[in-house]
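Presented below is the structure to which this report refers.
Chain A is the first sequence line, chain B the second, and so forth, proteins listed ahead of strands; every chain is numbered from 1.
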There are 2 protein chains.
Amino acid sequence: MIQLDDLDRAILKLLKQDARLTISELAERLNRPESTIHFRIKKLIEKGVIDRYTIILGEPLKPKSVVAVYIETEIPVIEDFLEKYINHITKTLSMLPNVLAVAKSGRNGIMALIGGETEEQIEKFVDDTIRTLPSLRRVEVFPFTSIVKGKDVIGFLVDV
Amino acid sequence: MIQLDDLDRAILKLLKQDARLTISELAERLNRPESTIHFRIKKLIEKGVIDRYTIILGEPLKPKSVVAVYIETEIPVIEDFLEKYINHITKTLSMLPNVLAVAKSGRNGIMALIGGETEEQIEKFVDDTIRTLPSLRRVEVFPFTSIVKGKDVIGFLVDV
DNA sequence: TATGAAAGACATCATGT
DNA sequence: ACATGATGTCTTTCATA
C-alpha cells in the first residue's frame, strides 16, 4: 500500500480543486515552505499518486442531457463468440463522440454513458444504433435527471 | 452556441492530455507565437469552455473494483414523499467516500458508482447500506469487468 | 485578433541545517 | 523536513499592426 500524511492529502485536495495553483500559493495556504511543497508534489508524481494533470470542459461543450444505457447480449452456444461480440460492440460505441464512457459488465453486459442535446435525441440514437444490434436480450436506458455527486464528470469525459 | 476553430480545439486536446504543458511548449507544437496561445487560453477560460484544471489520481488510490448500482424506490401515494426520500438517499450516498458518483434517474431512480477493494466487499456494502433501505422495489448491481472508454474517470472521481 | 519584445514571477536544483 | 540562493524558464503585459 501507499501511505499519505495530512500534508500530502491537503496538497492533493487543493490540486483537485485547482491544478494551476502555484507552489508558492500552496505553500502559503498550507503554511509550509515552498521547497517542501515542491518536494512532496515531486514524490506524489513519482509514486503515481498523481497520475496526470488535465482540464475539465465547461457548459458550452457539455451535452445538455445524459443517460446510462445497459446492454446485455444473448449467451451463444459457442462461448468464444461472446467475448468477440462484446468487444465489437464496445469498440464501436467507443468511437462515437456522444458516447462518453463504456464499460464491460459481467461477461455479456455493457454499460455506456451517452450524451446528447435532448433526451429524445439520445433515445433516437439508442434506437438507431443500439437496439438494432443483433442478439441482444436487454437494452435499458437510465436517464439522468441530475447528478448529485461527481457533477463535473461530464466535462471531464466530453470530447473536444 | 459557441464556436471554436482548429487552433482552439488543438489547444484543448493537448491540455486534456496534459494540462501542465507550458504555453511555450504548446506554442512550439502548434507553430504559433506564445502570445497567441496565451490569448486563446485566456479566452477559452473566460468563455467557460475550460471550466477548471485538475489532477487525476493514479493506481495507488484507485479502488480495484467498481460497480454501478441502480436503485428504484416504490412510488408512494403522497408524491411529495418521493422527492424527499430520493434526496435523502442521494445525499446519504454522496457522503460516503467509496461512492464515486451519484445521479438521480427519472423520478424514482438513482444510479450510483461504487468503488471498493473487491467485488465481494462492494456487494457487502450494497447489502448493508442500500438493500436495507425501506421502500425499494429494485436494486440491481452492474459489476464493471473493464472500462473501455473513459478509463481514468475513476482516478478523476476518487476521493483523497 | 495576432504578434514580438520586455518585465516580472515561478519552478527547479544545489547546498547546507 | 526545512531554509536559502542562484539559474533558467515561463507567464503576463503592453505596444503595435
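- Aromatic rings of B:Y53 and A:Y53 (six-membered ring for Trp) have centroids beyond the 6.0 Å cut-off, not under it.
- Looking at B:E72 and B:Y70, their side chains do bring a donor and an acceptor atom within 3.5 Å of each other.
- When heavy atoms are screened at a 4.0 angstrom cut-off, B:E34 is found touching base atoms of the nucleic acid.
- Residue A:F39 is classed as having no contact, given no heavy-atom separation below 4.0 Å to the nucleic acid.
- Comparing atom distances between the B:P33 side chain and each of C:dA11, C:dG4, D:dT12 picks out C:dG4 as nearest.
- The separation between B:E25 atom CD and D:dT9 atom C1' is 10 Å, rounded to whole Å.
- Atom-to-atom, CD1 of B:I41 to P of C:dT1 comes out at 15 Å; the value is rounded to the nearest Å.
- Between A:T36 and D:dC2 there is a side-chain N or O to OP1 or OP2 distance below 4.0 Å.
- Base contact: A:S35 has a heavy atom under 4.0 Å from a base atom.
- Distances shorter than 4.0 Å separate some side-chain N or O of B:R40 from OP1 or OP2 on C:dA2.
- For D:dT11, neither phosphate oxygen OP1 nor OP2 lies less than 4.0 angstrom from any side-chain nitrogen or oxygen of B:H38.
- Rounded to a whole Å, the CZ atom of B:R32 is 7 Å from the P atom of C:dT3.
- Distance CD1 (A:I37) to C1' (C:dC13): 17 Å, rounded to an integer number of Å.
- One finds no side-chain N or O of A:S24 lying less than 4.0 angstrom from the OP1 or OP2 phosphate oxygen of C:dA9.
- Of all heavy-atom pairs spanning A:L93 and A:V99, the tightest one is O-CB, 3.3 Å.
- Separating the CD atom of A:E28 from the P atom of C:dC10 is a distance of 10 Å, rounded to the nearest angstrom.
- Of all heavy-atom pairs between A:R20 and A:E25, the closest is O-OE1, 4.4 Å.
- In this structure, A:K42 atom NZ and C:dC10 atom P are separated by 21 Å, rounded to whole Å.
- Here the P atom of nucleotide D:dC10 and the CD1 atom of A:I23 are 15 Å apart, to the nearest Å.
- Using a cut-off of 4.0 Å between Lys/Arg side-chain N and Asp/Glu carboxylate O, A:K149 and B:D159 are scored as salt-bridged.
- When rounded to the nearest whole Å, the span between NZ of B:K43 and P of C:dT3 equals 16 Å.
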